[in-house]
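Take a look at the structure set out below.
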Number of protein chains: 2
Amino acid sequence: MADLRGGDLSRLRQLNSLTAIKALRGAGPLTLSALAERTGLSRPSMKEVADELVELGWVEEVRPSPGTMGRPARRYRFRADSGHLVGVDIGAHNVRAALSDLDGEILAETRQPVLPGAPLDERLAALERAISGCLALSRTTVDDLWTISVGTSGVIDVEGRVIYSAAVPAWRDLDLAGRVREMFPCEVLIENDSRLAALAESRRGTAKGVRDMVFLHVGRRMGAAAVIGGTVHRGFGAASGEIVMLPESRWFDAPEHLNGCAVVPEGTPPEDAAGYTLAAARNGDPVALEAVGRYVDDLAVGTAAMVLILDPEVVVLGGGFSRSADVLLPPLRERLERRCMRMPEVRASTLGDECVVVGAIDYAVEHLDRQLFAPDAGPLPLTR
Amino acid sequence: MADLRGGDLSRLRQLNSLTAIKALRGAGPLTLSALAERTGLSRPSMKEVADELVELGWVEEVRPSPGTMGRPARRYRFRADSGHLVGVDIGAHNVRAALSDLDGEILAETRQPVLPGAPLDERLAALERAISGCLALSRTTVDDLWTISVGTSGVIDVEGRVIYSAAVPAWRDLDLAGRVREMFPCEVLIENDSRLAALAESRRGTAKGVRDMVFLHVGRRMGAAAVIGGTVHRGFGAASGEIVMLPESRWFDAPEHLNGCAVVPEGTPPEDAAGYTLAAARNGDPVALEAVGRYVDDLAVGTAAMVLILDPEVVVLGGGFSRSADVLLPPLRERLERRCMRMPEVRASTLGDECVVVGAIDYAVEHLDRQLFAPDAGPLPLTR
DNA sequence: TCACTTTCGAAGGAGCGCTTCATTAGTAGC
DNA sequence: GCTACTAATGAAGCGCTCCTTCGAAAGTGA
């Protein structure tokens, strides 16, 4: 109800420009005629719109494709390279960064290891190195950076301030967005990492195109997120998906079934313990299988709660343990069948470790789209 | 990405017509100048748009308001009476119906009692009587009916077929939408009653304007629904909100704490039992208070699950027991404080028994709006 | 080289919204 | 009852955006 802006003639042109951009982003280079047909505009009008878009730097003409009948047609493509986006994943052991064009196509990736207990400044320094590395790898300058999108665990408010972080307690009350903006003068977005992973899976992962899905982050720490109606759900205070905090969900201690299993060799560091159990279970070890069974019993409770509340089309299993999806999925499906009203599809993540970085980039792309295609957006800006 | 329709000149006119309708629906009668200012159009253009809307029957001119300076201004109003909507609530004991104008303003209401065990045809007959009664009361004919929107318990698929109904098992596999359409030849929508109640509370009830909320239906039967991003969440298979099916939520048997309390007199019919307990608790009876405590203990588990998963701004307590919200809310808040990451506001329903009927009407209004204001909608139709 | 196909570019026309300005229908003051 | 003031009205003229139509152009294939 807020968009009470009556349209000028220029508004119509703007609408048609955006439609053209959408058409070009959806398909590869298109001839003028093809563009006109897709947008429903006449050829002469389309030409005028295209000329304007070229002028503004959003679109560029590519040389005609040879070997076609008739007079060669002008072809246009969206200039995805007229700006760049960076996605960052601040994890406990690594800071990952990736640089992409405006279509979200990844052009460079870097990883900076950090110690889990590293102090704040060290972590931020790793972040700066990771991003700078991406820029260097892709020969991009900071000026071409439009948006940096950061994923980290915890609850982050709308302004990018960390409200709470279980993984990195020292981050509490940190103005993360502000700190990043000091390093790189561009737009900075901060989101919870599980939500970004969920977004990635629903955009280019195993749940591509799915509008209602639940993402489970299973690993040493549990997390969850939901894509609802095609958008990641944040919640009023950005605290959605924290089902792990509910004792009755039995999520919080669930990983202990795997960590404390008898098949784990003495002296194994805690971060590797679960891997032994899952591997043994894959080989049919009955003790490990029983531990996995107890783990999935617990996992299924919180999952069923999400499924019953949201009725998603797909549940995606992601996070560190999802490497052992072959071991986890069958028993999880079996438990869910018993509990759910309508059984969703249960699939394993296909993006693996890159999930959060990729999701961060998808989030930046989505943010850009929202700005461009918002019903009350201004005219198309120059791309510089 | 689906709206790849480039705009014609007529498209612009259509946009402006819709903007004008929105402006008129939001405020009461408006003068031409006021309309022009709100929509951002110039006065002459606005005049042309208004003339067209009058022609089509969407808008009508009302006589100028006297007592103003200067030449009296033409005033226009949205003709909410150019069509009518019906909302129906098929409950266990009653079939309620209400008739409204296109603004959702309720013009007539009826109620038809039915026995909880009544067979299918009897229930449908009551539905027909309830709707006919509304039409008679408001002197409306069937031809003026645009939409009938029906709420009932259970899971209903997109086409209006009942998948599952705990309250009325006989309805299973019934093509409810089809049956209603046979009685009244107009558009028929079917939705789950808890979802409609949630919608009503978020549109005109205690959570008016709230974009993320959770609605709890507490009564002899438990139910829940969520409004997410301003729209009621259905779920992929229309089975969202069924948290009661999860044993660990402790919802299914929760009402037994109230029904089985020692303060309930011998021989009380089961539907009245909880009322005694709640009344006694209000008077400070320690036995009743303890029963209420156990009830709220259980209620809080499923509620906390929803809150942790969705992080709503507001939780609304509705359903039969919400009449005793004064008894239930304080202990519920206290339990949630302990469990939730971010405590939502917890409020009591303000719409009471009318909740579902009103929600059904709101649903019909929303459906109409979606059709009118959809980005790929056709030109404005005649209102007949 | 010629027919054929498809696109290009220019010209003319229609629809929509904007600005401007004299006119009109009320109210307020004397 | 007359005059000044106020605010809306209605008509005229302009500019922009899109449309249709048509001859010309630039390729392919025989």
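Note that the coordinates shown come from a computational prediction; the quantities given were computed from them, not determined experimentally. Letters go in sequence order (proteins before strands), and every chain restarts at 1.
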query: Do side-chain atoms of B:R75 reach the backbone of B:R63 as a donor and acceptor pair under 3.5 angstrom?
result: yes
query: Are the side chain of A:R74 and the backbone N or O of A:K47 linked by a donor-acceptor pair below 3.5 Å?
result: no
field: Separation of C:dG17 C1' from B:L9 CG (nearest whole Å)
entry: 10 Å
Of A:P72 and A:N16, the one whose closest DNA chain D nucleotide lies more 5': A:N16
message: Output the rounded distance in Å from CD (A:E61) to C1' (C:dC8).
response: 12 Å
field: Integer-rounded Å distance: D:dC18 P and A:L12 CG
entry: 5 Å
- prompt: CG of B:D51 versus P of D:dG10: gap in Å, rounded?
  reply: 9 Å
query: Using 30° and 60° as the class limits, which term best fits the ring planes of B:W58 and B:W146: parallel, tilted or perpendicular?
result: perpendicular
field: A:R43, nearest nucleotide to its side chain (from C:dG15, C:dT7, C:dT19)
entry: C:dT7
- line: Rounded to whole Å, CZ of A:R74 lies from P of C:dT7 at a distance of 13 Å
Given C:dC18, C:dG9, D:dC18, the nucleotide with the shortest approach to the side chain of B:S42: C:dC18
- request: May I ask you to evaluate whether A:S33 reaches the phosphate of C:dT7, defined as a side-chain N or O under 4.0 Å from OP1 or OP2?
  value: yes
statement: Which of D:dC18, C:dA25, C:dT19 is nearest the side chain of A:L41? It is D:dC18
- prompt: Whole Å only: how far is the CE atom of A:M46 from the P atom of D:dC19?
  reply: 10 Å
field: Separation of atom CZ in A:R75 from atom P in C:dT6, rounded to whole Å
entry: 17 Å
task: Ignoring hydrogens and angles, answer whether the base of D:dT17 and the side-chain atoms of A:R13 contain a donor-acceptor pair closer than 3.5 Å.
output: no
field: Phosphate contact (D:dC19 OP1 or OP2) by A:S45 side-chain N/O below 4.0 Å
entry: yes
query: Tell me: NZ of B:K47 to P of C:dG17, nearest whole Å?
result: 14 Å
message: A side-chain contact here means heavy atoms from C-beta on lying under 4.5 Å apart; do B:L24 and B:R77 qualify?
response: no
- prompt: So which nucleotide from D:dT20, D:dC18, C:dT20 ends up closest to the side chain of A:P44?
  reply: D:dT20
task: Measure from the side-chain N and O atoms of B:D212 to the backbone N and O of B:G229, and report whether any donor-acceptor pair falls under 3.5 Å.
output: yes
